[in-house]
Amino acid sequence: MEALLDKNRLKDWIAALDGWEAYAPARQDGIWSYQPAGDNPELNHPNTPQPPKGFAFPQREIFFKFEQVKGEAPRLTAVSPAPTFRVVFGVRPCDGRAVPRMDRVFSDHVDDGYYQARRDGLAYVGLACNTPPSRHCFCQSVGGSPVSTDGLDVLLTDLGERYFVAAVTDTGKALMQAAGALLAKPGAAERKEVARLHAAAVAQPQRGVNDAAAAPAKLKAGFDSPLWEELARACIGCGICTFLCPTCHCFDINDEVTGTVPLKGSRVRTWDSCQFPDFTMHSSGHNPRDTLGSRLRQRVSHKFRYFHENFGMHQCTGCGRCVSECPVGIDIVRVVNEIAGSV
Amino acid sequence: MSSKKRTGVFVCHCGNNIAATVDVAKVARVMATEDSVVYSEDYVYMCSDPGQKAVIEAIKKNQLDSVVVTCCSPNLHEKTFRDNAQAAGLNGFTCEIANIREQCAWVHKDRNVATAKAIKISRSAVRRASRNQALEPIGIGVTRRVLVIGGGIAGIQAALDLANAGLEVVLVEKQATLGGHMIQLSETFPTLDCSQCILSPKMVEVSRHPKIKLMTYSEVKEVTGYVGNFKVNILKKPTYVDPEACKLCDDCTQVCPVMVPNQYELGLTARRAIHIPFAQAIPASYTLDIDACLGLNPVRCGKCKDVCEAGAIDYDMLPRTVTEEVGAIVVATGFDLYGQDNLGEYGHGKIEDVLDGLQFERLCSASGPTRGKVLRPSDHSEPKDVVFIQCAGSRDPAQHCAYCSKICCMYTAKHASLYKHHVPDGRAWVFYIDIRSGGKGYEEFVQRTMETDETIYLRGRVSRLYQENGKIRVLGTDTLSGQNVEIDADMVVLALAMTPSKGTAEAAKVLKIGRDKDGFLAEAHPKLKPVESVTAGIFLAGTAQGPKDIPETVAQASAAAAKVIGLLSQPRLTHAPTVAKVRAAHCTGCEMCVDACPYDAIHLENGKAVVNAVLCEGCGTCQSTCLRAAIEVKNATLLQMNEMIEAVLGY
Amino acid sequence: MGDNIYLPQLARVAHIKEEVAGERAIKTFRLEFDNGGGFEHECGQCAMLSIFGRGESMISIASSPLIRDYKQFSIMRVGRVTSAFHELAVGDVVGIRGPYGNSFPVDAWRGKNLVFIGGGCGLAPIWPVIQTAVAQRADFREITVFYGGRSPRDIMYRAELEKLRGAVDVHLSVDKAEEGWDAFCGFVPANLMAKQPAPDNAIAITCGPPIMIKYVIENLRSLGFKDEQIYTTIENKMKCGLGKCGRCNVGKDYVCVKGPVYSWAELKELPAEY
Amino acid sequence: MIDLNALRTQAADILETGEVGAVIGWRRGSRGMAAEPVAIVAPEEAASLVWDPTCFHNLALYLVEERKKPAQRQVHGGKPIAIVAKGCDARAVTVLLQENHFGRDDVYVIGVSCEGTGVLDERKLAQVLPGVEPDGAAFDGDNFVFATSEGERRVPAREAMMDRCLECRNAHPKLNNVVFGEETPRDFDAPFAALKRFEQRPAAERWQFWQRQFERCIRCFACRSVCPMCYCDECVVDSINLVVTPETTAAEKADRVRWIERSASRADNIGYHMTRALHLAGRCVDCGECERVCPVNIPLRLLNNKMEREAREAFGYEPGASIDLPALVASFRDDDPGQFIR
Amino acid sequence: MSEQTPYEPRIVAFLCKWCSSAGSDLAGVSRIQYPANATPITVACSGGVSPQYILSALRKGADGVLVSGCHIGDCHYMEGNMHARRKLYLVKELLEFAGVEPERFRMSWVSAAEGAKFAQVVRDFVEDLRPLGPQDKLNAERP
Ligand SMILES: Cc1cc2nc3c(=O)[nH]c(=O)nc-3n(C[C@H](O)[C@H](O)[C@H](O)COP(=O)(O)OP(=O)(O)OC[C@H]3O[C@@H](n4cnc5c(N)ncnc54)[C@H](O)[C@@H]3O)c2cc1C
Ligand SMILES: Cc1cc2nc3c(=O)[nH]c(=O)nc-3n(C[C@H](O)[C@H](O)[C@H](O)COP(=O)(O)OP(=O)(O)OC[C@H]3O[C@@H](n4cnc5c(N)ncnc54)[C@H](O)[C@@H]3O)c2cc1C
Ligand code: SF4
Ligand code: SF4
Ligand code: SF4
Ligand code: SF4
Ligand code: SF4
Ligand code: SF4
């Protein structure tokens, strides 16, 4: 299903999405982030520093609440995410490609009900990258493309005054149907223009991982390379690269006490990062990954080797956030290339 | 500590004092719902005999390991109930008091409100108790010896009092002789008795006292340890003269070719490089001033060694460091005068006939440079017009010292009066701001100086003085008459402010004791602990602590001695065990706690803070300062405080 | 939402036994489920135990799968959650979810000699295997247990170990000689070398502190054990137990799912991040 | 103008003579034009050192224990480490010295003066040159010069400079073993200008502002990780750097207070940021790095500036001024303000 | 907390043992009535009150925090209150800066002889807090 939408009717489409909460990138306090879609959303954003991953995997998730009166058994009350239907506009293809990857993680072995419940009500309306949203993008080298539809329900292509709207999934079709008369039928010229724009986007020069297919084997061979410490030398061990990555999913579980008489609190999941030193530290103080190099190796290997070994795909979609946002410029592309080049 | 605490709560009615406003039964009931509480009851008078017995019984019967008594102020019965806990076989520190009387029942009327608050107070005590550790008081052995620093009248008096009480004393004096400033005075107000005459016998007594080890020409270089157990390193500078061998024949000074100003005479006369400060110096021996000497090399000079028949001179004498162990320290390092060179308006000390008080004392002294005649240093003529200026450097926060030096009014009156006795036809003027003559017989003394000795007192400041035609022109105002005053004086005597001596600053540094904003040694409490320093075991005496005259100095010295005697009369000192403890793993050695601790109880060892439990008073300043929560006071830990906050908020 | 995989069941502490005292004390807890709750497990699996308000800890199930009335856990006091466990009293209720992880392939070991080598707290994970093997004694050939602690006071399951004697060869050791100790003095790997168990038709199962395991494996290999004959468990830090939170992973494996039981042959293939 | 070759020669020399074991400086990175921190150990590597407007990082961070390790590992015989330091970086080294993090002899400060400019603010540049992604940046008098695909672009430095540099009071490193560049008079904004403007706003507005900021924080802790003064092995507000040594007892771990939770909720974020601001009072040298690295643009400098201004105005305390000064909160003066106390 | 009960500010009051706690005792002995909103926690010295306590109390729902110690010069530990004055000044400034009502944090010097003053300090504090309503800025009321 394909259609045309006047850019200034985007708000009307959103208004027509009955029962859906809509979100779109907006600039506030100097940065772009996904916000409830305002009166006149314009999809002219660069890549938002934070990906839309929080919609399905929020930074904080309450699993259940507990309450215990002295001498009695604790009472547990599971907290389930309220069933909501949310549609996120303006998702870049790299972030779209992150969706199936996250889906894999949270359904592998057993289903994570919390993720699933949020994911079930989510739709992503993507926006093709006619021009690269950042100089650090490298989606093509990791199997993606600036016009990829992977993980998206709808893909928009910017035609200047109008969007070319293409449904990817049934949900996408439903969203488009809701637009009714707002959508116009595209003609051959428009289709041609889209094809041209897409081809041009793909043809844009991009930096990239040299041979992503070979990366798993190369990283395996280079596991003991002294280069890891070398490459991590400037790393300050913050969590930016992981917190902002659309596919990083590590988390922590903690009990948050909110009262002591009687004992009250919640068990809560929060994002965590393999770059933090205590992430793997045993209670004895032994830490299997006790250097910045070993932690960088874990992050990069997880994305380019382990995930591939388990699921047959890279866990990096080339969004470039970990590169652009890293305070000291640790560059995952360079890391993969250097390690691969050293073996 | 592998199982949960078993806390007992005892809620007191205090007759009706508490029970009238607080629902004590409810408090007891609610406390029973606390996690750690296994026993909770209320009782009419907890502190009564049966009440106390009941507590002891309940502890035993319920195998309690911690106790909370919710009753009146801990000031009243904390000890009682801690003793009860102890009697029941618990450690006293596992008992906490919740004050629901003074802080609750007595100050509120509404029963519900008061009960709710009482519950919060009690709950926070329960939380605290459930994390209390059993602590044993820290016992400290004591060394029954005392170090006295400074051999002025303060040090002398303290040393004698201590020694007479049977304590061994080490008296360290920086100069070659005992005596301090008092030995330089001619007569002393208000009785005008001869200073040397009253001091010399005491000096002799010190030197002969079997319990006093006198170390002159010595300095304290390092002090470690703590109350009861200080270790002191004392540097004994070489005098190059063996006091035992020296016969005081004075042959050496006759041949010594070097002349330097005589400090004892405040530069009014000169002395040789080898010298005795004054005839009655104790120890009675010569000292070779190495800074002045031409060189300890017989080739260069060596005249004194040649001439000394007693063979007392030893050029090879070396500085020696002696280590002494003492249980307490008295600091009596005295004062200096505010330098004349600080006073630009009075000629920067460059006008020869402008003297300071001590110099004038020497001029009046029968043993002084002029054998007791008041003569101008410049031409040895008898001054006929002498101006005395009080508050020279005192009470002038903008330029000089803010404080009142306290003794200047008196000694100026004394000086004027002595002058008039020496030069009956001379005229004496005194410029003053106020006359402060509180003290027995002091006011009368000043009145006599004014009336009998016909001294002219002018209220006002001298703005400037300068030399003209062999006179010193003094420009001032008499604020009473509003007139400008100009006097052509033959001599001017400045009553310079009393400042802490250089040695006092040095001693404070070595001892790590505080000084006040003026540099005098800081007492632990301005009213209640005037002779204690901030550090346990270190006491203060004399002008090192603040300006004072001789009677006050002596009184403080004796007071310090009494404090030391009291301290060292205990066979063992005990110290509260609620002291700070470092979590070494978290400490980064940033030294913030070290700087913040008011008791200097913390130092670094291998890059980690270490608390000296004996010095720590448990104030918690370190705990609130450490950024990393690496130091906590036992039984008042961060966790305990946080849980108390939670309890108070019903969180 | 379907099954809530993070929601624990409740279980009551039915019995507590102090195994080892001291700074790193060990206590054994017997947990019983109320009315019909619970789950089945296999030897070597673990469960997430929680004390509400304090948190969760992954603990090996130390009782045999054959016992259905309760589950037993031996917990060493090392930190926040485990300290809270040590404060529990009989009757207290805790949370439990599981079972997690893979298990020892006990069925495949039938007809073989079993050599157990444990140290410190490391007896707990292999204890169910020992119990099962002893319960089905006829299915196995020689069974040998090596176990050592720092001192006699650090020997856990002391009474139970003594009871095994007869059915099983028990070789105890302590690190340092002490009065009244007449068995082996020295480290567990040394005890192993002293007794020289034969590799033929044998399986060696070892568990304990990482450094001990390292030497045990070296020694086993020098005794002629093949990599495939050596089994151990690895205990990386875990939070979810479900292969999602990411912290236990070693290479591509989430230890909470693929482990904690590994043969040395398998483990060798993984990065040494444990 | 700093002679880069002289700086490189200096670095090479001290490595050559063995005076230092490593030099921490900047080199070209692969993330756009931005320089990246590097530690060099061989004299020949000195040729890779750079000094340009993208040298924004405060390298003092790499003198801190944990981060020092990679560099240190290569330093033989415990030799001192040299660090290239701007004015603010040198102040940070001073604070670290003040807090005994290492000894004066353990560090060799190669000072670089920012002279009349400062370093680049990439977010500002994106506004000044929208859509342009330069490949290189250089100083040129009062300007920054950017190399772009369309040739050179010249931007007045003050338009694209970090706020911190606009308000910098000490662009010439006072603590140094050797220093490059001049001590040039600077004529930008008065210190605390932005702060003062902010303080003018009514309380309710201030709260609105901070609430939004704090709610946005994702607690990635980059602000803390990048801060040379946040070197604690375990931050009090969070256990990300859990201190667990073989000596740490179970009780010590169990008794650690959790002042705030790990959740990035408003109250917890405020707890974190207020604690951090208080912990940096008298220690923060206004290198502005926390603000630069924050991926969600939280104006952290404002908080630290506030504390710094109070330290200065209320207590006469200048962070990073002297190695011998006691810490701000470990000391007091008799005339500290007390009017707020009843 | 039900709707109908009027708002009563909850105050955590850190009182130093030697002066302010003794002062509050004196208020008690003198039967001086004051509002019950402030619950005391006795600490050794105001200098030992960590800024963390104040933040923690606010986070846990305190509407106001009071720290009271000996007058300057009278500190039992000589200079603890000087440290408190400096440290807590910073806390106060910071809270105010962030837009938290400055009335929420209060410090006072109350000597052992100032029972009446203690009562007045509490009275004033409660009165100043009442119009502000519950403190919900730093309060971790979680969903
Ligand atoms: C001009 C003048 C006139 C006065 N007239 C009178 C009077 O008439 N009546 C009266 O009551 N009072 C008078 N006073 C006051 C009187 O002099 C002092 O009260 C008294 O001398 C104080 O004694 P002290 O022991 O405290 O100090 P000091 O006399 O100063 O003695 C201190 C001693 O400590 C020694 N010392 C210092 N530092 C060290 C160190 N680090 N280590 C070892 N030793 C050290 C010094 O060498 C000195 O010997 C007068 C004072 C002045 C200035
Ligand atoms: C497969 C497996 C089997 C195991 N079997 C056993 C067994 O049978 N017996 C046994 O004794 N042990 C066993 N363990 C080890 C056991 O899981 C750990 O010892 C235990 O989890 C330690 O928990 P703790 O809370 O006491 O330790 P801690 O070291 O206190 O805490 C561990 C976790 O809590 C968090 N934490 C602690 N304090 C704080 C704080 N103040 N703020 C925020 N977070 C904090 C830490 O980040 C860390 O994640 C096993 C482990 C594994 C993986
Ligand atoms: S790579 Fe960069 S973003 Fe990631 S932890 Fe290191 S410094 Fe932080
Ligand atoms: S690894 Fe980096 S580039 Fe790849 S998806 Fe994550 S943030 Fe983007
Ligand atoms: S303040 Fe804290 S970290 Fe610093 S030295 Fe003291 S205990 Fe250690
Ligand atoms: S509690 Fe007070 S006296 Fe004790 S170490 Fe800390 S600051 Fe010093
Ligand atoms: S860098 Fe920014 S988002 Fe990250 S913790 Fe700091 S303030 Fe929060
Ligand atoms: S915020 Fe404070 S405790 Fe945390 S790392 Fe920084 S200085 Fe240390």
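By convention in this document, chain letters (A, B, ...) are assigned in the order of the sequence lines, proteins followed by strands, and residues within each chain are numbered from 1.
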* Structure fact -> Sorted by chain and residue number, the ring pair (Phe, Tyr, Trp, His ring centres under 6.0 Å) partners of C:Phe73 (sequence neighbours excluded) come out as none

Quick one: donor-acceptor pairs between chain D and chain C, under 3.5 Å, side chains and backbone, table format.
residue, atom, partner, partner atom, Å
D:Thr248, O, C:Arg24, NH2, 3.3
D:Ala250, N, C:Glu23, OE2, 3.2
D:Lys253, NZ, C:Val78, O, 2.7
D:Ala254, O, C:Arg54, NH1, 3.4

* Apply side-chain hydrogen bond (donor to acceptor under 3.5 Å, both in side chains) to D:His273 and list each qualifying residue two or more places apart in sequence or on a separate chain. =>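 In terms of side-chain hydrogen bond (donor to acceptor under 3.5 Å, both in side chains), with neighbours along the sequence ignored, D:His273 is linked to no residue.
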
* **salt bridge (Lys or Arg N to Asp or Glu O under 4.0 Å): pairs with one or both residues in residues 289-302 of chain D, sequence neighbours excluded** =>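 Pairs touching residues 289-302 of chain D that pass the test: D:Arg164-D:Glu289, D:Glu167-D:Arg301, D:Asp286-D:Arg301, D:Glu289-D:Arg292.
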
